[in-house]
Amino acid sequence: MKPERDPVTGRLTTGHEWNGLTELDTPVPKPVYFFLIVFLLFCVGYWLLMPAWPLGTTYTKGLLHQDERASVTARVKAAAEQRASWTSMIEVDHAATVLEDAALMARVRETGRTLFADNCAMCHGMEARGGPGFPSLVSGTPLWGATTDALFQTIMVGINSDHPDSRTSQMPAFGRDGILDATQIDAVVAYVRSLSQPIAPTDRIAKGRELFAANCAACHGEGGNGNSEIGVPDLTDTRWIYGGDSASIRQSIWRGRQGHMPSWDGRLQLWQRRVLALYLVDLRRHAP
Amino acid sequence: MIAQLTLGERRAGLIILVAIALVGLAMAIAGGNGPFGVHGALVLVGAIAGTFWLLGHYLDAPPRAERLREYYDDPSKVGVALAMIWAVAGMGFGVWVAALLAWPEFTLDQEWASFGRIRPIHTTGVIFGFGGNALIATSFYVMQRTCRTRLPDQLGAWFVLLGYNLFCVLATTGYAMGVTQSKEYAEPEWYVDLWLLVVWVTYFIVYLRTLAHRREPHIYVANWYYLAFVLVVAMLHIVNGLAVPVSFGTDKSYPLFSGVQDALTEWWYGHNAVAFFLTSGFLGMMYYFLPVRAGRPIYSYRLSIISFWGITFMYMWVGSHHLHYTALPQWVQTLGMTFSIILLVPSWGSAANALLTLNGAWHKVRDDATLRFMMVAAVFYGLTTFEGSFLAIRSVNSLSHYTDWTVGHVHAGALGWVAMISFGSVYAMVPWIWKRRAMYSPALVEVHFWLALAGTLIYVIAMWNSGIIQGLMWRTYNESGTLAYSFVDSLVAMRPYYIARTVGGLCFFAGAVLGCLNIYLTATRAPASSAGDSAVTADPRPPVGAMQPAE
């Protein structure tokens, strides 16, 4: 086929033809060359300034001697130094002093919120109210104590964690391990429920009280008030980690409980763990 | 279909099916109750069914010699049907997986429906299932027309098409069972990869044989692109798929490379899958169907050449822009970024070549939704390649990386470019291969166009917003020098956009369902057309092999 003139553009075709399909012989538009050259020049400049081309075992370092790792290390260091104006006070000062310092507590609230949301909220909830299997941190007494120091320690070592100084708390599996039989457990369940609920006394509850004194009081205390020295929950209030209905209490006694909280030593820096402890104390103060 | 095979091809087909059945049997025995065994059983049952079907027609009359005077479009017909089925399935999973992000409990409490499993079912379903079948179907059509020759044989095309769909089925069902190599867009395990390799090499051979028998002195641009697509995808697939199976009786394998080498290989593969699967292949589609539908010559042959070689050469370098600010050495990042920037020029060259081809046919774009699909595709191609080069700049990437902006960018390309050009080409091709005057309902094509455009815009704009908000929230510090927002804060801020995204996806999905219906009605009910281009024509010229070299 001979080149033909296209009536719309006035251009000739190339003379190639495929099943009626043709091509115009239009020259490459000038902007294509222009931008190719401009972009190429930019790239050559960039290659001269930055690390760019491999040279066997090394590479061209670039005139700016830029190094990604060095620059990010420097920026992290500078940011830490800037932050140190207040984080050093958090690390050194007594908790009581910090709690009285309004300006410092404003920072604790601001930073604690995101630290808590990024690290703690997946178990304890955004509002720190807990959920099934995870205790509320704003109501009642936390298992291992409510003071800043106690909270700080728990955050650092965790509970039943792999930290060498981990807090440990094991409730035995009274049913599974054959310490109590099903009838006895039912009696203890009835008694435990009567501690926090107005239930008329029955023989079973009386029987449960005896069994409780013999098997549970060593940890939970005579009245079931718990002991935060050894991480034992109060059974007389209406706050339950694993549920306060009969079935849940029976399950706890049957299988035992070995709740786990990870250690944040090494995962969060000292000042971050202290901010979290202070944040929780503050949260508890303002809790409704 | 079997009746169209020569007696020799029927015999070869039988041998292939029996061989596949034996492999399936071996897999089923070795794999037992595990996913490998389930896949073995699936292959075995499929191959046995195929064998019986073939045997049922084994003694049919052999095909007439006159068939050689006509193009062979049956594989394209089946390919279009499969592409549309995969489109509906893949996009359906897409809507589901989008809904999961807004309503995470929407997994029906099923293991296989968890996000990590249905997300690759969506991506493989749309990219490989829909896109791949559309490419195979159109490439068979285009290569015959532009070479003015029939496919070299009947069996090869069927093997490629059906074999490829077996690959897609094994891949997606594998994800549901938890079988994955954990490489994005290269999730299938070693045995599925090996099967794809066999299919893909056959595809390449079918293409080369068709070209070798061509009756045209020149090779049309669309064929350059299709051929680059087939060749480079084979190369990428082989290198990135290098892995050592734990044993020949399990699905699990471990990649040959590890650490940052593995990451770089994966993204060299990943970005060139975007380049040669989702760009080159579909540019091949565009270079044929857009000018034919518009009735216009290509704007510039010279621009085609410069764009083709620019794209082909430069894409190979840019994969490392997926690994900015990682353990990857900075000089590799520099090369990825700079080549990404230059790449914009040939990319826009292709988009401009397509849009300028429409000069003199803009009234057709206004009236014809099929051509409008292709025009909008070229516009989105231009937008997406600009965005791609922009996002590859390191400082921009530090904001956009890991955010929904990336997802928006990918979907501007996948919905706006890849799916739009495919729908346009399919709507152009369907009446031609089924010998119909037009689509059954042009009005339905029009509705599909607007649903697709609205869906794409809602999706992409939602993801731009969400991505930029996300990126900014993650890097905002307060006066104390600590992060102003927690990760959960950013998730809460994303929720409205996730819902909008689901709505956009639903529009796009609805359009694909209508398209399916329309194509089915066209194939079965539309009035027949006498004029077609199915004949190789009474072209007396011998194949080009017997001619002088063209230039």
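Lettering of chains follows the sequences in order, A, B, ..., and the numbering in each one begins at 1.
- Interface remark: Met122(A) contributes no atoms to any contact with chain B (heavy atom separation under 4.5 Å).
- The pair Arg296(B)-Glu23(A) does not count as a salt bridge, with every side-chain nitrogen at least 4.0 angstrom from each carboxylate oxygen.
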Would you check, one step at a time, whether the test side chain to side chain contact (heavy atoms under 4.5 Å, CB included) holds for Asn19(A) with Tyr288(B)?
CA-CA 10 Å; Asn19(A) 206 30; Tyr288(B) 183 83; 3.4 Å; yes
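- Contact annotation for Pro7(A): neither backbone nor side-chain heavy atoms come within less than 4.5 Å of a heavy atom of chain B.
- Residues of residues 356-365 of chain B that come within less than 4.5 angstrom of chain A, heavy atom to heavy atom, are Asn359(B), Gly360(B) in numerical order.
- Heavy atoms closer than 4.5 Å to chain A are found nowhere in Ile305(B), neither backbone nor side chain.
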Could you tabulate the donor-acceptor pairs under 3.5 Å formed by side-chain atoms of residues 96-107 of chain A, not counting sequence neighbours?
unit_1: Thr97(A); atom_1: OG1; unit_2: His94(A); atom_2: O; d: 3.4
unit_1: Asp101(A); atom_1: OD1; unit_2: Ala103(A); atom_2: N; d: 3.2
unit_1: Asp101(A); atom_1: OD1; unit_2: Leu104(A); atom_2: N; d: 3.2
unit_1: Arg107(A); atom_1: NH1; unit_2: Ser480(B); atom_2: OG; d: 3.0

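- When atom types are taken as modelled, the side chain of Thr26(A) and the backbone of Tyr299(B) share a donor-acceptor pair closer than 3.5 angstrom.
- Ring geometry for Trp18(A) versus Tyr220(B): interplanar angle of 30 to 60°, hence tilted.
- Residues of residues 308-327 of chain B lying under 4.5 angstrom from chain A, judged on non-hydrogen atoms, are Trp317(B), Tyr325(B), Thr326(B) in numerical order.
- Salt bridge annotation for Glu68(A)-Arg394(B): present, with a cationic side-chain nitrogen under 4.0 angstrom from a carboxylate oxygen.
- For residues 111-140 of chain A, every residue pair satisfying the salt bridge (Lys or Arg N to Asp or Glu O under 4.0 Å) rule, not counting sequence neighbours, is listed here: Arg113(A)-Asp489(B).
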